There are 4 protein chains.
Amino acid sequence: MNKTKRAIFEAAVREFSERGYNGATMDEIALKARVAKGTLYYHFKSKEEIFSFVVVEGIKSMQAAISEINEMDLGSFEKIRLICKNQLTLSNDNREFFKVLISQIWGKENRQSEIRMLLNTYFREIEKVMEQAMSEGVVKKGNPKLMSFLFFGNLIATAIYEIVNNGVQSIDDTVNEIIELSLRGILA
Amino acid sequence: MNKTKRAIFEAAVREFSERGYNGATMDEIALKARVAKGTLYYHFKSKEEIFSFVVVEGIKSMQAAISEINEMDLGSFEKIRLICKNQLTLSNDNREFFKVLISQIWGKENRQSEIRMLLNTYFREIEKVMEQAMSEGVVKKGNPKLMSFLFFGNLIATAIYEIVNNGVQSIDDTVNEIIELSLRGILA
Amino acid sequence: MNKTKRAIFEAAVREFSERGYNGATMDEIALKARVAKGTLYYHFKSKEEIFSFVVVEGIKSMQAAISEINEMDLGSFEKIRLICKNQLTLSNDNREFFKVLISQIWGKENRQSEIRMLLNTYFREIEKVMEQAMSEGVVKKGNPKLMSFLFFGNLIATAIYEIVNNGVQSIDDTVNEIIELSLRGILA
Amino acid sequence: MNKTKRAIFEAAVREFSERGYNGATMDEIALKARVAKGTLYYHFKSKEEIFSFVVVEGIKSMQAAISEINEMDLGSFEKIRLICKNQLTLSNDNREFFKVLISQIWGKENRQSEIRMLLNTYFREIEKVMEQAMSEGVVKKGNPKLMSFLFFGNLIATAIYEIVNNGVQSIDDTVNEIIELSLRGILA
DNA sequence: GATGAATGAGCATTCATTCAT
DNA sequence: CATGAATGAATGCTCATTCAT
C-alpha cells in the first residue's frame, strides 16, 4: 500500500467510525486524507470499495494475530488467555475500526452480508481454539460456535464500556477482569 | 398512540433496522406505514424525532420488564436467571428494534449520545441486581458495572449468532446455554 | 400532462437540442423550466427518462400526422405530396426536437437503440404509403424501405439546409422544390 | 503523422463515433490507442483539438475525392454518377467517421459551428458540379445549393439505412438504387 | 517523447423538509 | 387530520487537464 492509499485508508477508518457508512462523506474522507476528492477515485472505484478495503484489512489483522498465537507452543489454557488479552487489546487499540465493524454487521446491503461472511471465518478461527481446549479437557464440552460468539460479544461489550465510561479504568485492568469473568463465570 | 402514529412507529422500526438511521428514508417509512409523506410530519417534527421515539419506547419496554422481575419476591439467583432469560427472549422477539439500537450506539451525533445516556439508565438497573446479588453472596465480589456491560454484550452476541446462523437452533436452547456459560464460565 | 410536467418537457426539448444528450444538464433544464432541480426528479426518474419521453412524444406526433393523412380519401399521388409537405413543415416547425432526434440516432447507448426502434415504426408507416403507390402504378416498382429512408434523408437535408443558411429562403419554397426534385429527379 | 499520433487519431474516430463528442472520454481514447493518457496531451492540446483534427482530416479526404473526379476528362452526367458512387462508398467505408460528423452538425458549440463551416466548403464543391451540369443542360435548371444538400441528405439516409438494417443488402446494390432514384425521381 | 498520479470543477441524483389545499 | 407537489442543499462520482519524473 503506497503513501497516498494509506492516507486514504486511515482517513476512511476514522470517518466511517465517526459517522457510519451512510453518514460518512467522500468529501470528508478526502479532507481528512489531505488529498483531492478525485484522488479517492483514482485509488478506489467507489465508496463501497473503500469500505470493503477497510473492513477486509481490519479483519485480516485480527485473524493474523490469532493465527500467530495458535502457532505458539503453548497449552490450550494459556492460548485462550493470550487470545482474549490480545483481541481485547487489539479491538481497543483499533477502537475506531471496531466501531465501523459492529455498526455494519446488521442490515441487508451487500457490504453488510460481506462483513458477516468475513466475520464467520474469524469465528471459525476462535472455534478451533475452543475445540482443541475441549478435547484437552480444559474447557467444558459444549457448543464451540456459540462460545466464539460470546467471545465476540465480550469484545463488543468492552468497546461499549470504553465508549460509555471513557477512560475511567485502565484497559489492562478491564481486560483482566473480563477474562476472569468469562473463564470462571460470575457465580460465587 | 393512535392508529396512524402506531403505523408510522412500526414502519419506522422496520425501516431503521433494515437500513440504519442514515440509510432509512422518510419516503420508505411513509410507504411501509401506508400514509402520505406529509403525514409523517404531522405526527413527528423530524426524522430524528421518529428515531428517538422508536428508541425511547424500546428501551422503556426492556427496562419495564426488568423492574417487574425485580419487584417479584424472589432470591437474587432466581432473579438473575429470570432477567437473563427475559431479556434474551425480548431482544430476540424484537430483533428488529435491537439491531437499530446496536447500530446506533457508536458515533458522535446527538441521537447517538442520547442512546448511550438511555442505555446507561438501563445498565444501572442491571447493576442494582448485581449489587444485591453480591451483598447476598450469590455473585463474586467485583465490578458490577462491568458485569452489566458483559450482560449486554451477551445480548448482542446472541443477536449476531441468530442473524449469522439464522434459526438453526431453537432460541430456548441458545438462551439456556448462554446463561450457563455466563454464570459458571467456560472452564472445565 | 400537467402544467409543471409540460414546462419541463418544453425546457428539455430546447436544452437537448442545443447541447445534445450528454451536453445537456439537469441544472439548465430546471432553469429553463423555472422549477427547482428536485422537481425534475419528482416528475421523471432520471435524465434518460426525460429524454425518452421527449423522443417518444415527438415521434408519436409525426406518426399521428401521417396516419391522419393516410385515412383521408385521396389518391396515392396526392397523399405522398401531402405527407412530404406535412412532414417537412412539421420537422421545420419542431426543428429543435428534430435536431435532438438526429443527433442521437447513432451510437451504442440504450436510449440510442430505443430511438432507432421507434424510428423503424415510423419508417414502416412511410413504407406502407409507398407500397400502396406502387400497386397503384403511381410510383416506380422498387425497394419501398429504401425509399422511406431517402424520404427521411430529405427531411434531414432540409434541416441542415435551414440551419446552415438560416432563413434566406421561405420554408414553403424550399418544400416545393424538394418535393419536385424527389418526385421527378434532378435530370433534365 | 507519426505512429503514435496515428494510433490516437484512429482511436479517437472510433471513440467519438461510438459515444459522440461529450460521451467520449480521454481515458477511453488512450485505452483504445494503447498509450498513456498523458500522451494524448503531448500530441494534442485538448479534447477539442483531437476532435477538430479528426473532422478536418475526414472532410478533407471527402473533398479530395471529389476534386480528383472533377479534374477527370468526363461529361457532367458521368461525373455526377461517379461522385455519387464515390461519396456513398466513402461514407460507408468510413461509417464511423461519418457518424461523428453528422451527430455534431447541430448545436451551438464552437466545434459545431466549425464543422458547419467546413461542410459549407464541401457543399460548394458539389454545387459547382451541379452548376456545370445545368449549364450543359444535363440537369434541370434550379437551386444548385439545395441540390447539394439533398445529395448530402442521401449520404445520411444511406448511413441510417445501413445502421438500422445492418448488412442485409450489399452496399453496391444500395448505391445503385439510390443513384437511380435521385437522378430520375420516384414517380412512375 | 511518454507516463500516470493527482487534481477539482462539474454533474446526476437523493432526500429531509415545507406548505398550500 | 391528511396529502403530495415542490424545494434545494448535500453527496457520490466523472473526467479533462496538469505536471513531476
Side-chain angles (χ1 to χ4, degrees), chain A residues 2-5 7-8 19 21-30 33-50, chain B residues 2-5 7-8 21-30 33-51, chain C residues 2-5 7-8 21-30 33-50, chain D residues 2-5 7-8 19 21-30 33-51:
Chain A
N2 70 39
K3 214 178 139 191
T4 305
K5 195 165 183 180
I8 295 173
R19 312 237 181 279
Y21 179 80
N22 279 300
T25 70
M26 296 301 268
D27 274 286
E28 186 60 28
I29 294 176
R34 293 168 187 277
V35 297
K37 200 173 9 171
T39 307
L40 303 184
Y41 288 90
Y42 187 79
H43 290 278
F44 296 92
K45 238 180 65 192
S46 65
K47 187 182 176 181
E48 285 242 14
E49 211 189 78
I50 298 185
Chain B
N2 70 38
K3 214 177 141 191
T4 306
K5 194 165 183 179
I8 294 173
Y21 179 80
N22 279 300
T25 69
M26 296 298 268
D27 272 286
E28 186 60 29
I29 294 176
R34 293 167 185 277
V35 297
K37 201 172 12 169
T39 307
L40 303 184
Y41 287 86
Y42 184 81
H43 290 279
F44 297 93
K45 231 181 69 194
S46 67
K47 186 182 177 183
E48 286 244 12
E49 209 189 81
I50 299 184
F51 184 73
Chain C
N2 70 39
K3 214 179 140 191
T4 306
K5 195 165 183 179
I8 294 172
Y21 179 80
N22 279 300
T25 70
M26 295 300 267
D27 273 286
E28 187 59 28
I29 294 177
R34 292 169 187 277
V35 297
K37 199 169 13 166
T39 307
L40 303 183
Y41 288 89
Y42 187 81
H43 290 277
F44 297 92
K45 237 180 68 193
S46 66
K47 187 181 175 182
E48 285 243 14
E49 212 190 78
I50 297 184
Chain D
N2 70 38
K3 214 177 139 192
T4 306
K5 193 164 183 179
I8 294 172
R19 314 240 180 276
Y21 180 79
N22 279 301
T25 70
M26 297 299 268
D27 273 286
E28 188 60 28
I29 294 176
R34 294 169 186 276
V35 297
K37 198 168 19 165
T39 308
L40 303 184
Y41 288 87
Y42 184 81
H43 290 278
F44 297 92
K45 232 182 69 194
S46 67
K47 187 182 177 181
E48 285 244 13
E49 210 190 81
I50 298 184
F51 184 73

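Here is how names work: the chains are called A, B, and so on, in the same order as the sequence lines, proteins then strands, and each is numbered from 1. Nothing here was measured: the structure is a model prediction, and the numbers come from that model.
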If you draw the axis of the six-membered ring of Y21(C), does the NZ or CZ of K47(C) fall within 45° of it and under 6.0 Å from the ring centre? yes

Rounded at 0.5 Å granularity, tell me how far CZ in F51(B) sits from CD1 in I29(B). 10.5 Å

To the nearest angstrom, the NZ-P distance between K5(C) and dG4(F) comes to 17 Å

Within this structure, what is the CD-to-P distance between E48(A) and dC13(F), rounded to whole angstrom? 8 Å

Just compare dA16(F), dA6(F), dA12(E) and give me whichever is closest to any side-chain atom of T25(C). dA12(E)

To the nearest 0.5 Å, tell me how far S46(C) OG sits from L40(C) CG. 11.0 Å

For A30(A), which contact category applies under a 4.0 Å heavy-atom criterion: base, sugar-phosphate, or nothing? nothing

May I have the distance from K45(C) (atom NZ) to dT14(E) (atom C1'), rounded to whole angstrom? 14 Å

Using a 3.5 Å cut-off on both pairing distances, which stems of three or more Watson-Crick or G-U pairs include DNA chain E? E:2-21 with F:2-21

Indicate the atoms forming the closest heavy-atom contact of A7(D) with A33(D), along with that distance. O-CB, 3.6 Å

Value in whole Å for how far the P atom of dT14(E) lies from NZ of K47(A): 14 Å

Taking atom C1' of dA16(E) as reference, at what distance in whole Å does atom CD of E49(B) sit? 14 Å

Which atom of R19(A) lies closest to which atom of A24(A), heavy atoms considered: CB-N, 3.5 Å

What integer distance in Å separates M26(C):CE from dA10(F):C1'? 17 Å

How many Å lie between CG on D27(B) and P on dT17(E), as a whole number? 12 Å

For I50(B) and dA16(E), give me the distance from atom CD1 to atom C1', rounded to whole Å. 10 Å

Between Y21(D) and S46(A), which residue's closest nucleotide on DNA chain F lies nearer the 5′ terminus? S46(A)

I need the residues from residues 34-43 of chain D with at least one non-hydrogen atom less than 4.0 Å from DNA chain E; give them sorted by number, or say none. V35(D), A36(D), K37(D), G38(D), T39(D), Y42(D), H43(D)

Would you call M26(A) and I50(A) a side-chain contact if the rule is heavy atoms closer than 4.5 Å? yes

Can you find a pair of side-chain heavy atoms, one from H43(A) and one from N2(A), that are under 4.5 Å apart? yes

Is any side-chain heavy atom of I8(A) closer than 4.5 Å to one of T4(A)? yes

Examine dA6(E): is either OP1 or OP2 under 4.0 Å from a nitrogen or oxygen in the side chain of T4(A)? Give yes or no. yes

Is it true that the NZ or CZ of K5(B) lies under 6.0 Å from the centre of Y42(B)'s six-membered ring and within 45 degrees of the ring axis? no

Taking the nucleotide of DNA chain F with the nearest heavy atom to each, does N2(C) or N2(B) sit closer to the 5' end? N2(B)

